Amino acid sequence: MVGYSDSGKDAGRFTAGWELYKAQGDVVAACNEFGIKVTLFHGRGGSIGRGGGPTYLAIQSQPPGSVMGTLRSTEQGEMVQAKFGLPQTAIRQLEIYTTAVLLATLRPPQPPREQKWCNLMEEISKISCQNYQSTVYENLDFLAYFHEATPQAELGFLNIGSRPTRRKASTGIGHLRAIPWLFAWTQTRFVLPAWLGVGAGLKGVCEKGHTEDLKVMYKEWPFFQSTIDLIEMVLGKADISIAKHYDEVLVSESRRELGAELRRELMITEKYVLVVSGHEKLSENNRSLRRLIESRLPYLNPMNMLQVEVLRRLRRDDDNNKLRDILLITINGIAAGMRNTG
């Protein structure tokens with residue numbers, strides 16, 4: 001079974017994706033050596049940070065030989081309703097799965113064309129992981145900032161998940177489950193776990209003169225292309241002004257600079273993702289997604305403003321059940337608007 005959630009929370013989305021790609025390739029090679037037919041089971045969640053995203057794109061970007069007529073995958077949470085809630089939608093999803101598996105079997109995705117590409121991936125991954133972990137696990141202000149800037153602390157009281165938000169009675173990020181970790185950042189429209197570290201990694205390699213190499217990798221290597229496209233999709237859903245509003249109202253003044261640094265990091269990520277993809281603006285190659293996002297903004301933005309005010313009041317009056325009910329409504333509304341939430 002291929003697990004995406006905790007690896008992404010521990011090392012960041014880019015590093016987790018690259019390590020899982022290599023691990024699947026090693027499993028396939030070992031099974032081929034001993035004549036064993038392998039079926040990989042993908043434990044995908046709804047969000048990009050938990051292996052989610054467009055099904056066809058995900059299957060078509062798997063390592064060559066890892067999809068040989070068979071595939072197992074989980075569909076979790078709200079994605080079950082979204083993908084299989086109506087007969088026509090369910091049939092469409094099954095068609096997508098079948099088509100992608102057949103194509104990946106009959107015409108396997110291209111491997112990296114040269115070793116240099118793998119070396120560049122290793123360098124991006126190393127820089128990305130260091131940047132991610134130094135922020136999430138080594139910055140002493142980050143944990144308090146996370147609790148103040150997101151509704152994570154309140155999620156545990158709302159009884160909206162199938163399991164406790166934490167594995168142990170600890171306030172640290174390490175014992176927090178991946179779903180509330182991602183869900184909380186999605187609520188604030190920052191979607192931090194899906195992109196943190198990626199900009200630093202791409203920037204580091206581009207500044208060493210490998211920009212053209214990355215552009216060729218994007219055009220010719222399905223795995224790298226899907227990785228960049230998924231991050232670009234997340235960036236298209238993020239909103240710096242909304243995330244900044246959460247900071248201005250809910251975060252202590254001493255920690256607001258950390259939020260400003262993270263927003264600058266988001267802008268760097270957007271810049272280098274566009275450089276690599278060759279797009280002038282986010283979701284340029286997916287106009288239907290762009291229109292979908294823009295059509296939801298008149299509904300999403302007021303709900304975020306309302307949620308900020310409810311959180312501000314609730315943190316002064318945490319036993320107010322009416323405020324909790326309103327908070328739950330805003331959480332459901334934002335989750336429905338953002339999709340790919342947990």
Side-chain angles (χ1 to χ4, degrees), residues 1-5 7-8 13-14 16-29 31-32 36-113 117 121 194 217-234 236-237 277 283-290 292 339-342:
M1 181 172 180
V2 182
Y4 296 83
S5 301
S7 56
R13 171 68 181 83
F14 194 96
W18 175 232
E19 292 299 323
L20 288 170
Y21 181 89
K22 292 189 295 180
Q24 291 175 75
D26 291 343
V27 169
V28 170
C31 289
N32 288 342
I36 300 171
K37 183 179 180 181
V38 61
T39 297
L40 293 174
F41 182 12
H42 297 267
R44 305 172 69 224
S47 61
I48 304 304
R50 296 185 58 238
T55 302
Y56 182 86
L57 188 65
I59 296 174
Q60 284 293 293
S61 62
Q62 296 303 308
S66 63
V67 181
M68 295 304 292
T70 60
L71 179 84
R72 290 187 68 190
S73 177
T74 57
E75 293 289 1
Q76 302 178 25
E78 79 283 356
M79 301 313 295
V80 176
Q81 173 66 24
K83 292 183 176 182
F84 300 97
L86 297 171
Q88 300 93 327
T89 307
I91 291 170
R92 175 62 177 157
Q93 285 300 317
L94 293 173
E95 288 175 346
I96 291 172
Y97 268 106
T98 304
T99 303
V101 169
L102 285 172
L103 281 175
T105 302
L106 299 173
R107 193 179 62 196
Q110 291 296 311
R113 193 180 70 192
W117 290 6
M121 286 294 291
M217 288 166 61
Y218 177 80
K219 290 179 181 177
E220 299 184 13
W221 188 10
F223 169 73
F224 186 68
Q225 184 182 80
S226 71
T227 300
I228 297 298
D229 283 349
L230 287 172
I231 294 167
E232 186 175 342
M233 182 182 79
V234 168
K237 293 184 176 184
S277 68
S283 303
E284 182 179 274
N285 64 333
N286 194 342
R287 293 181 181 179
S288 60
L289 174 64
R290 188 175 186 84
L292 192 61
R339 301 285 294 276
N340 313 124
T341 50

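Keep in mind that what you see is a predicted model, and the values were worked out from it rather than measured.
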Note: Pro108 and Gly65 closest approach over all heavy atoms is CB-N, 4.4 Å
Across all chains, not counting sequence neighbours, the side chain to side chain donor-acceptor pair (under 3.5 Å) partners of Ser73 are none
Gln24 side chain to Leu20 main-chain N or O, any donor-acceptor pair under 3.5 Å? yes
Applying side-chain contact (heavy atoms from CB on, under 4.5 Å) to Ile36 and not counting sequence neighbours gives Cys31, Phe34
Note to self: side chain to side chain contact (heavy atoms under 4.5 Å, CB included) for Arg13 and Val234? Distances and angles first, verdict last.
What the structure shows: CA-CA 12 Å; Arg13 171 68 181 83; Val234 168; over 6 Å; no
Residues passing the side chain to side chain donor-acceptor pair (under 3.5 Å) test with Ser226, sequence neighbours excluded, are Ser61
With sequence neighbours left out, the residues meeting side-chain contact (heavy atoms from CB on, under 4.5 Å) with Arg290 are Lys281, Leu282, Ser283, Glu294
Output for pair (Leu40 CG, Leu71 CG), nearest 0.5 Å, gives 8.0 Å
Salt bridge (charged side-chain N to carboxylate O under 4.0 Å, His left out) filter on Glu19, not counting sequence neighbours, yields Lys22
Checklist entry - Where do Lys37 and Thr70 land on the side chain to side chain contact (heavy atoms under 4.5 Å, CB included) test, with the steps shown first? => result CA-CA 10 Å; Lys37 183 179 180 181; Thr70 60; 4.1 Å; yes
Output for pair (Thr227 OG1, Trp18 CH2), nearest 0.5 Å, gives 9.5 Å
Given the options Phe14, Tyr218, Tyr21, Trp117, Phe223 meets ring-ring contact (aromatic ring centres under 6.0 Å, His included) only with Tyr21
Those residues at least two apart in sequence (or on a different chain) that pass side chain to side chain donor-acceptor pair (under 3.5 Å) with Gln110 are none
In this structure, CD of Glu232 is separated from CD of Gln225 (nearest 0.5 Å) by 10.5 Å
Hits for side-chain contact (heavy atoms from CB on, under 4.5 Å) against Pro111, two or more places apart or cross-chain, chain-then-number order -> Pro64
Review item, side-chain donor-acceptor pairs of residues 84-102, under 3.5 Å, at least two apart:
residue, atom, partner, partner atom, Å
Tyr97, OH, Glu75, OE2, 2.6
Thr98, OG1, Leu94, O, 2.8
Thr99, OG1, Glu95, O, 2.8

Applying side chain to side chain donor-acceptor pair (under 3.5 Å) to Ser7 and not counting sequence neighbours gives none
Residue pairs passing the salt bridge (Lys or Arg N to Asp or Glu O under 4.0 Å) test with at least one member in residues 218-230, sequence neighbours excluded, are Arg113-Glu220
Taking every heavy atom of Ile228 against every heavy atom of Ser277, the minimum-distance pair comes out as CG2-CB, 4.4 Å
